[in-house]
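Report on one structure; see the data block that follows.
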Amino acid sequence: MLPVLGGLILIFLFCVVFLASRYKRCPSDRILVVYGKVEQGKSANCIHGGGAFVWPVIQSYAYLSLTPMTINIPLQKALSLQNIRINVPSTFTVGISTEPEIMSNAAERLLNLGSRQIEDMAGEIIFGQLRLTVASLTIEQINQDRESFLESIRKNVEPELNKIGLYLINVNITDITDESDYIGSIGKKAASEAINKAKVDVAEQEKSGAIGQSEAYREKDIRVAENTAQAEKGKKRAEADRRVYVQQQEADAVTGENTAKARIAEVEADLAIKQAEALQRGEVAKRQAAVEIQKAQYKAEMERLNAEEVVKQEIERRKIEIAADAEAERNRREARGQADAILARYEAEAAGVRKLLSSKAAGYSALVESCAGDARAAASLLVIEKIEEIVARQVEAIKNLKIDKITVWDSGGADGKGSSTAGFLSSLIKSLPPLQDVAAMAGVELPEYLGKLVEEQGVDTAPESEAAPAPDAT
């Protein structure tokens, strides 16, 4: 009893250890992928957190790492919407997503791939989508509104990364430059505008200061003049000095204002020139794009016309093939029907001949039996039965003979008496074989009650005359 109980305990412990070894736990920084025989309609079960039991033989498992990957994208000479090539070096941080649908994509496309292979795959996708995003924006939109630019990048890149099981964590644009120094010109323009505005503000402040100072001097002189009459001369001198000073300040302010206006006009002229050049480049680009569009439309129309012609020719060819197949099938069926009819007719004739021969064989057998097994007597009876028909055939042979159309060269009888015409007719009648001869040719001897053949005595005839008389036509 004890050995049996010990064996059961060992088996139980073995089962527990085995089941525990097949239960796989998933760390927080990984995704557990169970593949093999899983739920219907799924290629694998993806589990993030917790664990799952992996059945032996029919299932297996692997892990996907959730560690983020940093990918440097040194995008150079990308064409913007203004057809100006710019450099957009950037750094993208991506990782495998824990959303169920995206996890399934990662299990199907990234399982058993190394991090370097995944980075290369993601880099190709990001490179293409970043170039596409740059091509849809102007340089001002890219350089001045970075938030919108990053949002456009995320909108274009993230759906493509989701298709292979990745998602976009962060985008960092290091610097944006261009070969034509367009961005630098924009900066210089902004700096010039700021400097000119500052100069105008300084001139305005100087003008305000001078005016305030002159007003203060005037107020002071008036009060001095009112308080003392003795200072009239000094007042006049001060007033003259003040006027000169004010005039000088006003002249300086006007000069500064004019200088500022001149610089502003110069900057505006430069800006107008650059705007005109940009408008010219844009118009040229539009015209070139219109030409390319017309070329593409022409090619598309040519391809459409060629496709329509090919489709028409293909339809005609199919119609001819179908008609030919139908005609061939009809001929085959007619030939098959004729062959069946001929075969049926021959089979019917063969069946009739077989039945006729079988009936004749049965009749001949019965006839021989009725003659006590004497086949010769049976043959004689058959010939006797056919005598009437034979005689009828003999009569038929001479029935239609037109006697009035026969020409006989009559030289008289053989004995010099009578006419040879009567001998001709007698010989013609004798040319028909008697019944006894017909029966003898068939190997049958007729009974005596049907008569006998009488042998005739030979009669010598005189030789015919060498000189024949004139013919007598009958």
Quick one: pull up CZ in Arg30 and SG in Cys26 and give me the separation to the nearest 0.5 Å. 9.0 Å
Non-hydrogen side-chain atoms of Ile169 and Val94 separated by less than 4.5 Å: no
Test log, rule salt bridge (charged side-chain N to carboxylate O under 4.0 Å, His left out), inputs Glu314 and Arg318: CA-CA 6 Å; Glu314 183 66 19; Arg318 292 294 300 165; 5.2 Å; no
Are the charged groups of Lys274 and Glu277 less than 4.0 angstrom apart, N to O? no
No-hydrogen, no-angle side-chain donor-acceptor test under 3.5 Å, Glu292 and Gln288: no
Measuring only between side-chain heavy atoms, which start at C-beta, is Leu130 closer than 4.5 Å to Ile73? yes
Roughly how far, to the nearest 0.5 Å, is the CG atom of Leu111 from the OH atom of Tyr35? 6.5 Å
Pair Asn172, Thr91: side-chain N/O donor-acceptor within cut-off below 3.5 Å: no
Report the distance from atom CD1 of Ile118 to atom CD1 of Ile96, rounding to the nearest 0.5 Å. 5.0 Å
Gap separating the OG atom of Ser90 from the CG atom of Leu75, nearest 0.5 angstrom: 7.0 Å
Check Glu151 with Lys155, please: is the shortest side-chain N to carboxylate O separation under 4.0 Å? no
Would you compute the distance between atom CD of Gln129 and atom CG of Leu168 and round it to the nearest 0.5 angstrom? 11.5 Å
Just how far is it from atom CD1 of Ile164 to atom CE of Met121, taken to the nearest 0.5 Å? 5.5 Å
CZ of Arg345: more than 12 outside heavy atoms within 6.0 angstrom? yes
Heavy atoms, side chains only, cut-off 4.5 Å: are Ile264 and Glu268 in contact? yes
Using 4.0 Å as the upper bound for N to carboxylate O, is an ion pair formed by Lys312 and Glu308? no
